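Since this is a predicted model, take the numbers as computed values, not measurements. A note on names: the letters A, B, ... follow the listed sequences, proteins ahead of strands, and every chain is numbered from 1.
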Protein chains: 2
Amino acid sequence: MSQSIEQPADGTPGRTPARAVPTSADVARLAGVSRATVSYVLNNTSAVRISEPTRERVREAARELGYVPHAAARTLRAGHSRMVLLPAAHVPIGPLYSRFFNDLQWALRRLDYTVVQYGSVGLAPEAAARAWAELRPAAVVSTGEVEVTPEAVEILRRSGVKAVITIGTRDADGTHSLVLDQPGVGAAAVEHLIATGRRRIGVVVPEEPGLGMFSGPRLEGARRAAGAAGATVVPLPLAYTEESAEELAARWPGLALDGVFAYNDEYAMLLMRALQDAGTDVPGETAVVGADDLLLGRLLRPRLSTVRIDMIGGHELAELVDRAIDGTAGGATRRLLSGSRVIRRESS
Amino acid sequence: MSQSIEQPADGTPGRTPARAVPTSADVARLAGVSRATVSYVLNNTSAVRISEPTRERVREAARELGYVPHAAARTLRAGHSRMVLLPAAHVPIGPLYSRFFNDLQWALRRLDYTVVQYGSVGLAPEAAARAWAELRPAAVVSTGEVEVTPEAVEILRRSGVKAVITIGTRDADGTHSLVLDQPGVGAAAVEHLIATGRRRIGVVVPEEPGLGMFSGPRLEGARRAAGAAGATVVPLPLAYTEESAEELAARWPGLALDGVFAYNDEYAMLLMRALQDAGTDVPGETAVVGADDLLLGRLLRPRLSTVRIDMIGGHELAELVDRAIDGTAGGATRRLLSGSRVIRRESS
DNA sequence: ACGCGTCACTGACACGTGTCACTACCCCAA
DNA sequence: TTGGGGTAGTGACACGTGTCAGTGACGCGT
């Protein structure tokens with residue numbers, strides 16, 4: 001039973017079985033050099049001098065065997081990896097995030113890091129942190145899907161993670177925090193509505209789970225902006241379905257709202273269409289403002305006004321990650337990303 | 001110089017420095033047992049009997065030290081990982097893929113696999129395969145972003161990857177291929193248009209790079225369906241911008257088309273709006289059909305007809321991955337996923 | 001003949017884990 | 001006392017890599 005070695009029924013005993021994965025030792029044997037030499041050659045180590053003919057022999061042997069280094073062994077030996085862990089979001093992600101992610105990935109690859117998007121759906125913060133820590137990444141960049149508690153940060157730190165970066169609605173202790181100014185988004189929208197003469201303003205709050213992290217602060221910002229101007233804000237729960245939108249539109253006259261900020265261009269489009277079908281004039285009776293500046297928002301009539309949000313660029317973030325890893329970025333950092341501005345089209 | 005050990009200037013010499021990452025040896029020391037025992041306890045190995053008090057001591061020690069196992073060391077020792085590699089797409093992806101990805105991830109986690117999304121933007125197939133192989137994953141599930149050549153498969157195989165699964169427009173040699181019937185999508189749309197009396201049919205082909213993999217076969221399917229019925233197909237290049245759509249709409253009358261299949265609901269919406277603005281009646285003069293059945297497609301007037309595509313479920317795929325890894329799924333497999341059906345709304 | 005320096009390379013260790021073979025101990029029957 | 005068998009655990013090896021210290025060969029000046 002114990003000899004269940006995978007041995008292809010190969011009749012030629014002279015040939016190497018070679019079904020095992022080739023290692024640097026195999027390369028060394030084939031090239032007739034030591035394993036150390038192989039390592040030096042394949043890593044282009046500059047401190048050691050190896051003659052050019054030998055280098056070529058080693059490279060040729062590696063090519064012939066189809067040698068691929070073993071990342072785990074490398075990580076083990078080095079004591080750390082060059083992996084940047086990106087806990088994956090499970091919310092449907094828009095083109096904004098998609099572009100951001102690609103830029104980040106590209107820029108980090110340029111800095112010789114490997115980006116790994118790692119799913120940790122529905123785990124507690126500490127459990128998730130432990131799962132991340134097992135991979136001994138050099139850095140963790142959390143985009144706010146899983147909350148990063150101080151305990152989670154401690155777990156990561158103890159496991160050798162050099163940098164923890166969070167992108168979210170508020171800063172997390174002990175990390176480099178990029179705080180998206182979500183209240184600013186709500187405030188910008190409401191201030192715009194007030195500037196165009198609206199006084200009773202609805203704010204759509206998505207019922208979908210996972211969006212609460214964004215919608216809450218946006219509502220709060222809207223409230224503050226309205227309060228400062230003596231206007232009123234009414235929260236409006238809405239699910240991303242036609243039925244929900246119709247239901248809301250049906251009781252619209254009773255709400256007596258002259259403006260609405262809809263969290264998102266998608267929710268805005270959904271609501272605006274439902275309002276029009278129910279006989280409400282946009283923007284005559286009610287002005288509508290979305291967010292994210294989607295192309296599709298310009299296809300409806302009236303064209304949708306929107307709040308454009310300034311996200312940090314992937315390249316910029318990649319540099320922050322790099323500096324945070326080699327320690328030149330200081331301990332914990334907080335940086336506010338604010339730059340929301342309203343793009344007025346026809347719906348407001 | 002060589003004693004640059006990271007030593008916090010801690011005045012109390014009795015305490016352990018403990019700045020190093022704790023290993024199972026540390027846990028063993030603290031619990032007063034051997035390292036082997038620690039391994040047995042923490043992995044709940046059933047073949048070895050360890051007394052309950054000892055188990056508890058070990059667990060307590062691990063908790064106190066905040067011990068987290070080192071995945072790389074584990075992988076190295078085991079010779080393989082339980083990692084499923086998912087080369088990341090760089091095209092903006094819709095809610096369909098997003099949902100699929102979450103399901104897959106969830107189901108694989110349930111089977112004790114770790115899903116890792118790994119970016120390999122703009123690499124040659126073999127270079128990408130080598131990069132994947134370094135991680136020694138148990139399986140690679142390619143969603144068609146990077147072409148999987150036979151050479152790439154060979155590289156992966158030699159590095160110990162147990163299963164290679166491709167999801168794309170055509171099957172790749174030596175892999176388990178899930179072939180999405182893209183021609184079927186185009187055919188379904190065109191057959192529907194012909195059934196409603198259209199004869200000269202445009203097919204929108206996105207100019208965005210990275211979509212060619214899908215748009216080509218869809219166009220081909222449209223051609224075949226039209227040819228079978230004696231109708232005509234005209235390819236229409238279109239970029240995802242308002243300008244491009246306006247430009248196309250302006251020369252619409254000259255094209256004399258009475259129907260159009262627009263690759264996608266998004267392109268369909270863009271085009272339909274441009275057509276209406278240019279004075280073309282939809283569906284009176286020209287019928288429009290999209291694909292993917294987006295909610296937003298129902299917001300335009302007329303409501304957008306669309307082709308709904310049956311994607312494989314995440315759970316189902318997870319099971320295939322599992323069987324492919326332990327070899328019970330056979331060698332190479334080809335499976336056609338066909339199930340496109342038209343949902344007729346008002347635009348056709 | 002000797003010392004010194006450079007060149008080109010190698011031997012050996014460490015990283016953290018899982019697991020197999022083995023042992024020390026105790027109990028009970030012969 | 002011996003032998004056998006079960007319990008509770010341990011010692012040691014292997015996995016694949018990077019790197020430090022060391023080693024033999026050779027050239028050169030005295």
Could you tell me how far apart [X] ([atom1]) and [N] ([atom2]) are, to the nearest whole angstrom?
| X | N | atom1 | atom2 | answer |
| --- | --- | --- | --- | --- |
| B:Leu76 | C:dG18 | CG | P | 11 Å |
| B:Glu134 | D:dG16 | CD | P | 15 Å |
| B:Arg74 | C:dG18 | CZ | C1' | 9 Å |
| B:Arg82 | C:dG18 | CZ | C1' | 15 Å |
| B:His80 | D:dG16 | NE2 | P | 13 Å |

Determine the sole option in B:Ile165, B:Val140, B:Val153 for which the side-chain contact (heavy atoms from CB on, under 4.5 Å) test with B:Thr175 is passed.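 Testing each of B:Ile165, B:Val140, B:Val153 against B:Thr175, the sole residue satisfying side-chain contact (heavy atoms from CB on, under 4.5 Å) is B:Val153.
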Around A:Glu134, counting heavy atoms of other residues, nucleotides and ligands shown, do more than 12 lie under 6.0 Å from its CD? yes
Is the closest basic N to carboxylate O distance between [X] and [Y] below 4.0 Å?
| X | Y | value |
| --- | --- | --- |
| A:Arg63 | A:Glu60 | yes |
| A:Glu316 | A:Arg335 | yes |
| A:Arg59 | A:Glu52 | yes |
| B:Arg157 | B:Glu154 | no |

Has the side chain of A:Asp26 got a donor or acceptor atom that lies under 3.5 Å from a matching backbone atom of A:Thr23?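 Side chain of A:Asp26 to backbone of A:Thr23, a donor-acceptor pair under 3.5 Å: yes, one is there.
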For residues A:Thr75 and B:Leu76, determine if any side-chain heavy atom of one lies less than 4.5 Å from a side-chain heavy atom of the other.
->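 A:Thr75 vs B:Leu76: side chains apart.
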query = For residues 48-71 of chain B, which residues have at least one heavy atom under 4.0 Å from DNA chain C?
reply =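 Only B:Tyr67, B:Pro69, B:His70 qualify.
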Residues of residues 24-42 of chain A with a heavy atom under 4.0 Å from any atom of DNA chain C, listed by number, are A:Val33, A:Ser34, A:Arg35, A:Ala36, A:Thr37, A:Tyr40
With the side chain defined as heavy atoms from C-beta on, B:Ala73 is closest, among D:dG16, C:dG18, C:dG16, to C:dG16
